[in-house]
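Inspection log for the structure reproduced underneath, given as structure tokens.
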Amino acid sequence: MSEQKRDAHRSGLIGELSAEFVGTMVLILFGCGVVAQVVAGGLGDHDSIAWAWGLGVTFGVYVAARLSGGHLNPAVTLSLAAFKGFPWSKVLPYAIAQTAGAFVAALLVRWNYTEVLAKTDPGHTLKTQFVFSTLPGNGVLPVSEWGALRDQVIGTAILVLLVFAVTDLLNTPPGANLAAVVIGLIVVAIGMAWGTDAGYAINPARDFGPRLASFITGYDTAWRDQYGNLYFWVPIVGPLVGGLVGAALYRILISPFLPVLGPGPQEVGQTPSPET
């Protein structure tokens, strides 16, 4: 590879990682922001949480999709590498950029809601830890970490199965550049139907980045659940496994039966563009 091509490749990857960083940051600004408003501020309810998370996904994808595909989720990136030809060499850099974006966004939410969080929960306990990271049974229901792991596998399998469906140009993808809107609606639906057992993290970066941010800003119990067990690994392992399961289901049960001729070649890991 020539020096010019190496420079172009390097600058291209930097742009992709920047897009994943900012896109995931936008997602978490809306996601953790709405949970802080509901849990600590007493404004809104579960439905407003589900809608804000979904809209955060939509806006984050619109920010990043042109440059990076708008994955915003290591489970999506891993699944695209395993089943759609996305370069394996980019999986770890994408995951780091996504986690960093989530971390920075959570710090902003933590800073902005400093007074409200201190008033609601002066000891910075699990009562408001839920603003930043998930807990089994949302911290109150009798769900173990293994039950939460099951939930995360299923929930992320649903997410990735549907993301593959709505971004597959051989299927019937949304037109008029609406793929990001539909993906956001998928997250809203998962939140409304699969939010009880583990808070529908369905994204390792979404959970680990804010969990780390909360830990370094006073939440000493950030790595554990309400039972005192180490829990941080569940929203990492569950989504990574679930994403592969959902991608495999799409590859086995849908892809082989789609018509061979489509509207054109599909860019790996990209959302459909209006001109295609």
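Residues Pro204 and Ile236 share a closest heavy-atom pair of CG-O, 3.7 Å. Residues Arg211 and Pro235 approach most closely at NH2-CG, 3.9 Å, considering heavy atoms. Closest approach of Ser48 and Val34 over heavy atoms only: O-CG2, 3.6 Å. Summarising the geometry of Gly15 relative to Leu67, their closest heavy-atom pair is O-CD1, 3.8 Å, with the distance given to 0.1 Å. Shortest non-hydrogen contact noted between Ala82 and Leu244 is CB-CD2, 3.7 Å. Scanning all heavy atoms of the two residues, the minimum distance from Pro210 to Ala205 falls at CD-O, 3.5 Å.
The closest donor-acceptor contact from the side chain of His71 to the backbone of Ala95 lies at 3.5 Å or more, if one exists at all. A donor-acceptor distance shorter than 3.5 angstrom exists from the side chain of Thr114 to the backbone of Arg110, with no hydrogens or angles considered. In terms of modelled atom types and a separation under 3.5 Å, the side chain of Asn203 and the main chain of Leu72 share a donor-acceptor contact. A side-chain donor-acceptor contact under 3.5 Å links Ser144 to the backbone of Gly147. In this structure, the side chain of Asn138 does not engage the main chain of Val140 through any donor-acceptor pair within 3.5 Å. Using a distance-only test at 3.5 Å, with no hydrogens or angles considered, a donor-acceptor pair links the side chain of Gln226 to the main chain of Pro136. A distance-only check finds a donor-acceptor pair linking the side chain of Lys127 to the backbone of Thr120 [under 3.5 Å].
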request  = Check the pair Val38 / Asp45 against side chain to side chain contact (heavy atoms under 4.5 Å, CB included), numbers first and verdict last.
outcome  = CA-CA 6 Å; Val38 172; Asp45 55 19; 5.6 Å; no
inquiry  = Would Phe103 and Phe208 count as a ring-ring contact (aromatic ring centres under 6.0 Å, His included) here? Give the steps.
reply    = CA-CA 8 Å; Phe103 172 75; Phe208 183 79; 9.1 Å; no
query = Between Tyr231 and Ser133, is a side chain to side chain donor-acceptor pair (under 3.5 Å) present by the stated rule, with each step listed?
reply = CA-CA 10 Å; Tyr231 182 75; Ser133 54; over 6 Å; no
ask   = Checking side chain to side chain contact (heavy atoms under 4.5 Å, CB included) for the pair Leu80/Phe164: CA distance, chi angles, key distance, verdict?
value = CA-CA 9 Å; Leu80 288 169; Phe164 271 41; 3.8 Å; yes
key: side chain to side chain contact (heavy atoms under 4.5 Å, CB included) between Ile216 and Leu107, worked out   = CA-CA 9 Å; Ile216 67 173; Leu107 286 179; 4.3 Å; yes
task = Dump the intermediate steps for side chain to side chain contact (heavy atoms under 4.5 Å, CB included) on Arg150 and Asp197, then the final yes or no.
result = CA-CA 9 Å; Arg150 174 197 63 218; Asp197 281 2; 3.3 Å; yes
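Thr125 OG1 to Asp121 CG: the interatomic distance, rounded to the nearest 0.5 Å, is 3.5 Å. The CG atom of Asp220 sits 11.0 Å away from atom CG of Leu126, with the distance rounded to the nearest 0.5 Å. In this structure, the separation between CD1 on Ile183 and CG on Leu159 is 8.5 Å, given to the nearest 0.5 Å. Between atom CD of residue Gln37 and atom CZ of residue Phe30 there is a gap of 11.5 Å, rounded to the nearest 0.5 Å. To the nearest 0.5 Å, atom OG1 of residue Thr156 and atom CG of residue Leu161 are 12.0 Å apart.
One hydrophobic cluster holds both Val104 and Val63 under the rule that ILVMFWY side chains link at heavy-atom gaps under 4.5 Å. Hydrophobic clustering (ILVMFWY, side-chain heavy atoms < 4.5 Å, transitive): Leu162 and Val188 are in distinct clusters. Hydrophobic clustering, with ILVMFWY side chains joined whenever heavy atoms are under 4.5 angstrom apart, keeps Leu185 apart from Ile202. Cluster annotation: Trp146 is not connected to Leu141 through the hydrophobic network of ILVMFWY side chains, with a link wherever side-chain heavy atoms come within less than 4.5 Å. A continuous path of ILVMFWY side-chain contacts below 4.5 Å connects Trp233 to Val241, so both sit in one hydrophobic cluster.
No side-chain N or O of Asn177 forms a donor-acceptor pair with one of Tyr62 less than 3.5 Å apart. Residues Gln98 and Thr77 bring a donor and an acceptor atom of their side chains to less than 3.5 Å of each other. With no hydrogens or angles considered, no side-chain donor-acceptor pair links Thr134 and Tyr200 at under 3.5 Å. For the 3.5 Å distance criterion, the side chains of Gln129 and Ser214 qualify, holding a donor opposite an acceptor. At a cut-off of 3.5 Å, with distance as the only test, no side-chain donor of Glu20 or Thr24 sits close to an acceptor on the other residue.
For Asp225, there are no salt bridge (Lys or Arg N to Asp or Glu O under 4.0 Å) partners at least two apart in sequence or on another chain.
Across Tyr219, Phe232, Tyr113, a single residue satisfies ring pair (Phe, Tyr, Trp, His ring centres under 6.0 Å) together with Phe132, and that is Tyr219.
Within a 6.0 Å sphere centred on OH of Tyr250, other residues, nucleotides and ligands contribute more than 12 heavy atoms. No more than 12 heavy atoms of other residues, nucleotides or ligands sit less than 6.0 Å from atom CH2 of Trp111.
Using a 30° and 60° split on the angle between ring planes, Trp223 and Phe215 fall in the tilted class, from 30° to 60°.
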